[in-house]
2 protein chains.
Amino acid sequence: MNNTKRKRLESKGWKIGTASEFLNLSPEEAAYVDLKLALSRSLQQTRQEKKMTQEQLAKLLKSSQSRIAKMEAGDPSVSLDLLVRSLLVLGTSRKGLARMLSERRTALVA
Amino acid sequence: MNNTKRKRLESKGWKIGTASEFLNLSPEEAAYVDLKLALSRSLQQTRQEKKMTQEQLAKLLKSSQSRIAKMEAGDPSVSLDLLVRSLLVLGTSRKGLARMLSERRTALVA
DNA sequence: TGATTATATGTCAGGAATGACATATATTAT
DNA sequence: ATAATATATGTCATTCCTGACATATAATCA
């Protein structure tokens, strides 16, 4: 997976285009990253729709504000598990998740 | 999350009904478990459709046969991350994943 | 403006997931 | 029936993710 390289790139603020355009990412790796980014965005959106602060969500999830911030920022240190569990505590259904996954577009510009 | 309790129950071979029927699982926890079980099944199905052995998939995923077996068995020790990455290396698309998530039915009988 | 509240970023000890391995049990051939 | 192949189950050291905390940087408001 080479987390380190991705982390390094991202820390430079160079998110350009789709994750699949990062050099040296296999298609599956790219798909995996895209997927997490899609969920990150959905998480932030859902939380904001519910007019919750990161602090409040953190409490609900028994996590911490910093974790939530990292999740929403698409930090590679956060797992799919945590992303999904966050969405679930916000009341997202399986169908809802499915919709988030199929959402078109992933390109991000810094 | 109380993995231990679930592990203990499951190890007894008592998977009955939906995960949500396990005592003391909050709705989100139950949804999370159901979700993983759904992906477990999809994984096995997909692998078999591709006429692959667990060993072959393991190699493709750079994992091990035992991990694959555990995944397909719905072992609580495996993460969503690994499940999803497995499906991705098998060529599952985001849409495909979404379909797997919304699949009806979760009840399992031992 | 400065105070308050929200979010971002960095670090780290502790806990959870991992691949590897051994080995048991099915399943399928011959 | 027995060999060969596939899958299941258990254990463990290493690796990765976690919550917690400190602190920086925004955003909102008096």
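First the proteins, then the strands, lettered A, B, ... as listed; each starts at 1. The figures here come from the full heavy-atom set of this structure, side chains too, leaving out hydrogens, waters and symmetry mates.
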| said: Under a 3.5 Å distance rule, please check whether A:K36 uses its side chain to pair with a backbone N or O of A:V78 as donor and acceptor. | reply: yes

| query | Do the side chains of A:L60 and A:Q56 get nearer than 4.5 Å, heavy atoms only? | reply | no

| Rounding to a whole Å, what distance do you find between B:D81:CG and C:dA17:P? | 10 Å

| Flag, side chain of A:R94 to backbone of B:E103, donor-acceptor distance under 3.5 Å | yes

| task | Take the protein atom CG of B:L80 and the nucleotide atom C1' of C:dA17, then report the distance between them rounded to whole Å. | result | 13 Å

| task | Would you name the heavy atoms of B:L82 and B:S86 that are closest together and state the gap between them? | result | O-OG, 2.7 Å

Using a cut-off of under 3.5 Å, enumerate the N/O to N/O pairs linking the protein to nucleotides 23-30 of chain D.
none

| What are the two closest heavy atoms between A:L80 and A:Y32, and how far apart are they? | CD1-CE1, 4.0 Å

Quick test: give all pairs of protein nitrogen or oxygen and nucleotides 11-15 of chain C nitrogen or oxygen below 3.5 Å, distance rounded to 0.1 Å.
unit_1	atom_1	unit_2	atom_2	d
C:dT11	O4	A:K70	NZ	2.9

| query | What's the CE-C1' distance between B:M71 and D:dA6, to the nearest Å? | reply | 16 Å

| Does any non-hydrogen side-chain atom of B:S63 lie less than 4.5 Å from one of B:Q54? | no

| request: Drop me the distance from B:L87's CG to A:E28's CD, to the nearest 0.5 angstrom. | output: 12.0 Å

| request: Mind listing the closest non-hydrogen atom pair of B:M100 and B:A38 along with its distance? | output: O-CB, 4.3 Å

| remark: Taken in chain and number order and not counting sequence neighbours, the residues that satisfy side chain to side chain contact (heavy atoms under 4.5 Å, CB included) with A:K50 are A:T46, A:M52

| What closest approach, in Å, do A:A58 and A:Q65 show between heavy atoms, and which atom pair accounts for it? | CB-N, 3.5 Å

| said: Does any part of the side chain of B:L61, heavy atoms only, come nearer than 4.5 Å to the side chain of B:L90, both counted from C-beta? | reply: no

| note | Here the distance between atom P of C:dT18 and atom CD1 of B:I68, to the nearest Å, is 11 Å

| field | Contacting residues from residues 44-53 of chain B, given that a heavy atom lies under 4.0 angstrom of DNA chain C | value | none

| query | Which of residues 54-64 of chain B have a heavy atom under 4.0 Å from DNA chain C? | reply | B:K62, B:S63, B:S64

| field | Closest non-hydrogen atom pair between A:S40 and A:G74, with its separation | value | OG-CA, 3.6 Å

| remark: the helix from C:dT1-D:dA30 to C:dT30-D:dA1: angle between terminal helix axes, five bp per end, to the nearest 10 degrees, reads 50°

| request: Determine whether B:L97 and B:L88 make a side-chain contact, defined as any pair of heavy atoms from C-beta on separated by less than 4.5 Å. | output: yes

| C:dA8 P sits how many Å from A:L43 CG, rounded? | 11 Å

| message | My understanding is that only one of A:L57, A:L43, A:L39 makes a side chain to side chain contact (heavy atoms under 4.5 Å, CB included) with A:M71; could you say which? | response | A:L43

| Salt-bridge present (B:R47, B:E72; N to O < 4.0 Å) | yes

| said: Between B:S64 and B:K70, is there a side-chain heavy-atom distance shorter than 4.5 Å? | reply: no

| said: Nearest whole Å is fine: how far is D:dT11 P from B:D75 CG? | reply: 12 Å

